[in-house]
Protein chains: 2
Amino acid sequence: MTEKKELILETALKLFAEHGFDTTPTSQIAKEAGVSEGLIFRHFTNKEGLMDAILAMSEERMARHVKSIVALAEPLAKIHATIELPVKLFSEEREFWKLQFSLKWQKKYRGQSYRPSGYYLELVEVITDAFRQLGYAQPEKEVLLLVMLIDGLSNQLMQQPSEAFIEQTLSFLKSKYQQNKLKS
Amino acid sequence: MTEKKELILETALKLFAEHGFDTTPTSQIAKEAGVSEGLIFRHFTNKEGLMDAILAMSEERMARHVKSIVALAEPLAKIHATIELPVKLFSEEREFWKLQFSLKWQKKYRGQSYRPSGYYLELVEVITDAFRQLGYAQPEKEVLLLVMLIDGLSNQLMQQPSEAFIEQTLSFLKSKYQQNKLKS
DNA sequence: CAGTTTAGTAAGTGATTACTCACTTTTAGT
DNA sequence: ACTAAAAGTGAGTAATCACTTACTAAACTG
């Protein structure tokens, strides 16, 4: 990976997240990255190839996060870490994940990177088990609920990323998953 | 509203939801609606004007739904109706709401139709009150949680709209909000 | 029914865009 | 140092797209 190739990737990521894939011309990417437009196509063949390269990075990063959650010993700690996942993702690489989430809705990319890929299925399995260990009556459905929750949380974070809001919301959500509570 | 004007709106809605705003050429809209391309601009001035007309419909429909929730007497019924909201929206006008949700992420339209408009703020207020009446300790935060939940539910519905899935998920979610339960 | 506004069309047009191509420069292996 | 491959450039180019214009047909209105 040469310096300029990486610069193209970073710039494209930033611009795609900001203005969207279709509305960001390759000419602008080249200009802001300070390279010739032709170089983009030398390295990535297509505009779509550029997108794919960005998406590939996403798989890696997400896999890393899931791995660290799976590695936790306590079932409750796993659940709390899952709740914290979107916050971690956004604080790390805001633009990156913004792009990821916006892609879900586009037909072109549905089924490609967002659809249940390996790490997602693994996380679901592990969290199901965690709920089971904690004595929840319907662990599969609890996981689904948790997934919906962190999906919705991601939406909220996008619109209101203030520190105070995040902290309050997280601790409230975590308080919903505690030992010694009613498990229906 | 002439017949052809309505046909343009419907076709544009369908295509925007399916392929996105930027990737749907006005020529295709005209072709599939069976009208000349020029007519689109006669009626809506812009491609954006076409989008705005679609968005205006959204306000109306959503306002109607919120109104029917607000009208309910029992606080628990209000909460359950809110949980059912995304399912109702999708069953009614799937393409329409798909488009709405995808728009949230686009900079251009953020703040226009999706941002806390009247009906949203009213719903939040009413549901906060419902939680208060039911004796929840932190009604404001409960509303936020519920908002995140129905956001996440919308995501799920988009990907898995099977009848069985919807029914199971809904009744599970509703079971989380019941009288005579622990209210932390 | 005359006259005026509104609905509708078909054929452009200029700007933009993704991508190519012929070419030069840099890098790396022997 | 020689050379072949890889990195990089910049000026095209064909296609596409949103929008215009000059025009006709239909619908109101007094």
Side-chain angles (χ1 to χ4, degrees), chain A residues 1-57 95 99-100 102-103 105-110 112-113, chain B residues 1-58 95 99 102-103 105-110 112-113:
Chain A
M1 185 86 78
T2 62
E3 201 181 324
K4 296 206 169 179
K5 189 174 177 183
E6 228 156 342
L7 238 165
I8 290 170
L9 267 175
E10 275 172 41
T11 312
L13 167 57
K14 195 192 97 195
L15 292 176
F16 285 167
E18 209 166 319
H19 305 111
F21 176 78
D22 300 300
T23 38
T24 306
T26 52
S27 58
Q28 197 191 346
I29 298 170
K31 201 174 164 188
E32 291 202 21
V35 301
S36 67
E37 202 180 344
L39 192 59
I40 293 174
F41 297 92
R42 165 117 311 163
H43 282 310
F44 303 100
T45 7
N46 273 341
K47 194 184 177 186
E48 233 184 82
L50 181 55
M51 187 75 242
D52 290 343
I54 292 173
L55 252 33
M57 292 165 55
E95 297 305 292
L99 179 61
Q100 279 297 112
S102 74
L103 248 39
W105 304 97
Q106 293 199 231
K107 204 181 186 181
K108 210 193 297 178
Y109 284 103
R110 231 173 293 155
Q112 187 160 337
S113 157
Chain B
M1 185 85 78
T2 62
E3 202 182 324
K4 295 207 170 182
K5 190 174 177 185
E6 229 158 340
L7 238 165
I8 290 170
L9 266 176
E10 276 174 41
T11 312
L13 167 58
K14 196 193 94 192
L15 292 175
F16 285 167
E18 209 165 319
H19 306 110
F21 177 79
D22 300 301
T23 38
T24 306
T26 51
S27 57
Q28 198 192 345
I29 298 169
K31 202 174 163 189
E32 291 203 22
V35 301
S36 67
E37 201 180 345
L39 192 59
I40 294 173
F41 296 92
R42 166 119 308 166
H43 282 309
F44 303 100
T45 4
N46 272 342
K47 195 184 177 186
E48 233 184 83
L50 182 54
M51 186 75 241
D52 289 344
I54 292 173
L55 252 34
M57 292 164 55
S58 139
E95 297 306 290
L99 178 61
S102 75
L103 247 40
W105 305 98
Q106 292 199 231
K107 204 181 187 180
K108 208 192 300 178
Y109 283 103
R110 229 174 295 154
Q112 187 158 339
S113 159

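Because only heavy atoms are used, hydrogens play no part in the values below, and waters and symmetry mates are left out as well, while side chains stay in. So you know, we letter chains A, B, ... as the sequences are listed, proteins then strands, and number each from 1. Computed from a predicted structure; not experimentally measured.
The nearest whole Å value for the distance from the NZ atom in B:K5 to the P atom in D:dA27 is 17 Å. In this structure, A:K31 places its NZ atom 15 Å from C1' of D:dG10, rounding to the nearest Å. Residue A:E37 contributes atom CD, which lies 11 Å from atom C1' of C:dT16 at whole-angstrom precision. In this structure, B:I40 atom CD1 and C:dA10 atom P are separated by 14 Å, rounded to whole Å. With rounding to whole Å, A:D22 atom CG is found 16 Å from D:dT16 atom P. Atom NZ in A:K47 sits about 8 Å away from atom P in C:dC19, given to the nearest Å. D:dA7 atom C1' lies 13 Å from atom CZ of A:F44, rounded to whole Å. Residue B:L50 contributes atom CG, which lies 16 Å from atom P of D:dC17 at whole-angstrom precision.
Here the side chains of A:M51 and A:L99 are in contact, with some heavy-atom distance below 4.5 Å.
Distance from the side chain of B:T2 is smallest for C:dG8 among the nucleotides D:dG8, C:dG8, C:dA18. When distances run from any side-chain atom of A:H43 to the nucleotides C:dT9, C:dC19, D:dA7, the shortest one goes to D:dA7. The listed nucleotides are D:dC19, C:dG8, D:dG8; the one nearest the side chain of B:L39 is C:dG8. Of all nucleotides listed (C:dG8, D:dA18, C:dC19), C:dC19 comes nearest to the side chain of A:F41.
Using a 4.0 Å heavy-atom criterion, one finds that B:T45 contacts no nucleic acid atom at all.
Within the structure, a side-chain polar atom (N or O) of A:N46 is placed less than 4.0 Å from OP1 or OP2 of C:dC19. Within the structure, a side-chain polar atom (N or O) of B:T26 is placed less than 4.0 Å from OP1 or OP2 of D:dA18.
Across all their heavy atoms, A:F44 and A:K5 have their closest contact at CZ-CG, 3.7 Å. When every heavy atom of A:T24 is checked against every heavy atom of A:L15, the shortest pair comes out as OG1-O, 3.4 Å.
With no hydrogens or angles considered, no side-chain donor-acceptor pair links B:S27 and B:E37 at under 3.5 Å.
Of the possible donor and acceptor atoms, none in the side chain of B:K4 sits under 3.5 Å from a partner among the backbone N and O of B:S36.
Residues A:R42 and B:P25 each lie close to DNA chain D; by heavy-atom proximity, the contact nearer the 5' end of the strand is made by A:R42.
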